[in-house]
Novice: 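Starting off with a structure, shown below.
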Amino acid sequence: MDLRLFRSFKVKTTPRWIILLLDMLIVMVSYISTVVADMYSLHIVNTPLNFLTIGAIVFIVYFAVSYISKSYTCVIRLSVIEDLYRIFMAVAASTLLLATINTLWLGITHTELMKFWNILIIGALSFSMMMIERLCIKYLYMRMNSAVEGRKRVLVLGTSFNSVFLANALKGEIGGKYLPVGLLSIKANETRNEINGLKIYHFDPETIGETFNRDNIDGLIFDAKSNNLMSSGFADCFIKNDIALLSINRVAEFDNESEKDNNTGISTFIKEVQIEDLLGRDPIVLNNPLVNKHINGSCVLITGACGSIGSEIVRQVSNYGAKKIILFDQAETPMHDLSLEMKKDHPEADIELFMGDVRNRERVEEAFKKFRPCYVFHAAAYKHVPMMEINPTEAIIANVKGTRNVADIALKYDVYKFVMISTDKAVNPTNIMGCTKRLAEIYCQSLFYDSQRKGKKTQFITTRFGNVLGSNGSVIPLFRKQIASGGPVTVTHKDIIRYFMTIPEACSLVLEAGCMGNGGEIYIFDMGEPVKIYDMARRMISLAGLKPDVDIKIEEIGLRPGEKLYEELLNDKEKTTATVNKKIMIAKVKTYNYADVCKNIDKIINCASRGDVHGMVYAMKEFVPEYKSQHSKFEAIDREIENENEEKTPLSMLAAQPHAE
């Protein structure tokens, strides 16, 4: 039979109503065959009225049971056992219901509606023909899908029932993107060479690359449940051999989305493995009882609410049932986009949109006066290191003055908890941005201790963590764009390393740390092992199924102003204490006198306000002596301070010497 005509139709699934119609046709054929055979063998003549009446009853019973049990919505081209079970249950229920109706009819009229063995025969015939019907549909789908042009040849990880099921599902998908040609076994004792027509490939890390190249296999597909295996380092073997990794999170045909979109198929649920999937991090707890106790029913204000961190905090506090959430940000379009998202995904949340800039003290106070928040998460800040080296005064005004504005007003309006989001760049800062965040940390901590002595109850807490994956302007989205455009992928230095954390994980820890804190703490997060940016670039290229330095070049462009090779979460002189969460620690840092802090910060802000960059940076370095510029024009100020100290040192040393007798 020539099936090219059928293949020309863009049919993805058999419509439900066709299956139901065929099922009912089978039932009526079974009924007519049974009655006709009975009449012929017993020489009984039924009147047309009785024949049609009984037929209508049989039809209604089978239709009602099939409709209620949804036996016609099986995944037609994928399953056999499920079809068998659901059809059997529907036929059995229909047979039992007809037998009950027949018994009641006999009790009322003292005559049978139809013979009991006829009811059983109708059920047996219907069940048999429905199964044949489905097998024919499955076969037709397989034949229609026999063309493999344009499909990527893949292996499916594992030899379990689920792996075989997944391989067959993909193989039988109409218009699918992937063609499984075998299963990859990681069992050392696997002796089989084939399962259900699928060749079994035996995993050998030494030869896996040659195997994929020899058989022209494009990638490896695995169930999302195997993510832990992949993130534990198993994926590296495939990445090194430039083998694309693909993850599938479910197999489905009839679901809400596919009912609306006929183009939905199994391949819809397959995605390329991202670098984030291979971090090897524990699952994020988003139902923390401590956070729920604090946030549920509370009024929460988030500054920088539309940024990468701020927007995720908005989502999470919404999940915890915050009574009111105030989005404080000066970015109009992102605010609008986030409000639409929240209306769609969290329609129950009470969201207030408040356009404002933390640098504008009057506008900040207006928000606090109007909403009287109980919790404040301060995420508004300039964060890009090179940009702040170019615009240092703006970094001070936004990150230091802005933080002071929000913190002061939070204290004035008796906010219960103020949580400032800092960065690992505040430790031994080598750039303007890092030093501004350290100044903000110092101010919040000293303000807390000063206010505590005055009997105030507001708790000021700081959280400090490294880079977050996928945040606006971060390296991973940049690498993705560069790979998509054909390269080159640019790294600043081959040896540069960074700590990474996912945005949801970082925000989850921010919420927990903020809720567990009593004030004055600087919390740091366990960021795991640092990642070499150059290695990450190579892995991302390989995950895209391309070869580093062959398909995509990697170029080293040199460190940017203020950038250092590695970031620390703690100053060398700082210590940590553990908390109940092993991922959260408290840094024991140097504390400052609030009056001294205000005096120095006023001086720095005044210099910034009048555009005195030299005076500003000089004052920053005097107050935060661990701030040493790297790859920056401000290194000259470090040398200036060193020279001044050297000039002072001999005199002081001379004064300390005992007089010779």
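Quantities reported herein were computed from a predicted structural model and do not represent experimental measurements.
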Novice: Could you give the distance from CD1 (Ile351) to NZ (Lys343), rounded to the nearest 0.5 Å?
Specialist: 10.5 Å
Novice: Tyr320 and side chain to side chain contact (heavy atoms under 4.5 Å, CB included): which single residue from Val300, Leu511, Asn296 fits?
Specialist: Leu511
Novice: Can you sort out the partners of Tyr618 under side-chain hydrogen bond (donor to acceptor under 3.5 Å, both in side chains), two or more places apart, ordered by chain and number?
Specialist: Glu644
Novice: Considering non-hydrogen atoms only, spot the tightest contact between Ile313 and Cys507 and give its length.
Specialist: CG1-SG, 3.8 Å
Novice: Take Gln445 and Thr462 through the test side-chain hydrogen bond (donor to acceptor under 3.5 Å, both in side chains) and record every step on the way to the result.
Specialist: CA-CA 8 Å; Gln445 190 178 48; Thr462 296; over 6 Å; no
Novice: Take Glu389 and Ser632 through the side-chain hydrogen bond (donor to acceptor under 3.5 Å, both in side chains) test and state the conclusion after the steps.
Specialist: CA-CA 8 Å; Glu389 290 296 298; Ser632 169; 2.8 Å; yes
Novice: Within the side chain of Gln482, is there an N or O that forms a donor-acceptor pair under 3.5 Å with the backbone of Gly487?
Specialist: no
Novice: List the residues meeting side-chain hydrogen bond (donor to acceptor under 3.5 Å, both in side chains) with Thr463, not counting sequence neighbours, and say none if there are none.
Specialist: none
Novice: About how many Å separate CD1 of Ile524 and CG of Asp424, when rounded to the nearest 0.5 Å?
Specialist: 10.5 Å
Novice: Looking at Lys456 and Asp414, does any basic side-chain N land under 4.0 Å from a carboxylate oxygen?
Specialist: yes
Novice: Check the angle between the aromatic planes of Phe418 and Phe460 and answer parallel, tilted or perpendicular using the 30° and 60° thresholds.
Specialist: tilted
Novice: Is any side-chain heavy atom of Ile496 closer than 4.5 Å to one of Tyr534?
Specialist: no
Novice: Under a plain distance cut-off of 3.5 Å, with no hydrogens placed, do Asn518 and Gln459 share a side-chain donor-acceptor pair?
Specialist: no
Novice: Look at the rings of Phe371 and Phe354 and say which category their plane angle falls in: under 30° parallel, 30 to 60° tilted, over 60° perpendicular.
Specialist: perpendicular
Novice: Would you list the pairs meeting salt bridge (charged side-chain N to carboxylate O under 4.0 Å, His left out) in which at least one residue belongs to residues 393-411, sequence neighbours left out?
Specialist: Arg359-Glu394, Arg361-Asp408, Arg404-Asp602
Novice: Taking only residues two or more places apart in sequence or in another chain, which ones pass side-chain hydrogen bond (donor to acceptor under 3.5 Å, both in side chains) with Glu441?
Specialist: Ser422, Arg438, Arg464
Novice: Suppose we screen for side chain to side chain contact (heavy atoms under 4.5 Å, CB included). Which residues come up paired with Ala608, at least two apart in sequence or across chains?
Specialist: Thr393, Ile396, Ile397, Met616
Novice: Can you name the nearest heavy-atom pair linking Asp596 to Phe623, along with the distance?
Specialist: O-CE1, 4.5 Å
Novice: Of all heavy-atom pairs between Arg315 and Met342, which one has the smallest distance, and what is that distance?
Specialist: CG-SD, 4.4 Å
Novice: Report yes or no: does Asn399 contribute a side-chain atom to a donor-acceptor pair with the main-chain N or O of Tyr382 at less than 3.5 Å?
Specialist: yes
Novice: Tell me if a side-chain donor or acceptor on Asp450 pairs with a main-chain N or O of Ser446 at a distance below 3.5 Å.
Specialist: no
Novice: Taking atom types as modelled, find out whether Tyr413 and Glu365 have a side-chain donor-acceptor pair closer than 3.5 angstrom.
Specialist: yes
Novice: With a cut-off of under 6.0 Å to the ring centre and 45° to the axis, is Lys583 in cation-pi contact with Phe525?
Specialist: no
Novice: Taking all non-hydrogen atoms of both residues into account, name the closest pair between Ser451 and Thr458 and its distance.
Specialist: OG-O, 4.5 Å
Novice: Would you list the atom pairs, donor with acceptor, under 3.5 Å between side chains in residues 321-337 and any protein atom, with sequence neighbours excluded?
Specialist:
residue	atom	partner	partner atom	Å
Lys324	NZ	Asp350	OD2	2.9
Lys324	NZ	Glu352	OE2	3.3
Asp329	OD1	Ala331	N	2.9
Asp329	OD2	Ala305	N	3.2
Asp329	OD2	Cys306	N	3.0

Novice: Just checking, any donor-acceptor pair under 3.5 angstrom between side chains of Glu512 and Asn288?
Specialist: yes
Novice: For Ser629 and Lys621, which I'm curious about, is there any donor-acceptor pair between the side chains at under 3.5 Å?
Specialist: yes
Novice: Give me the atom names and distance for the closest heavy-atom approach of Glu640 to His614.
Specialist: OE1-NE2, 2.9 Å
Novice: Under 4.0 Å between a Lys/Arg side-chain N and an Asp/Glu carboxylate O for Lys369 and Glu366?
Specialist: no
Novice: What's the shortest heavy-atom distance between Ala407 and Leu447, and which atoms?
Specialist: CB-CD2, 3.8 Å
Novice: Verify the ring-centre separation between Tyr449 and Tyr594: is it less than 6.0 angstrom?
Specialist: no
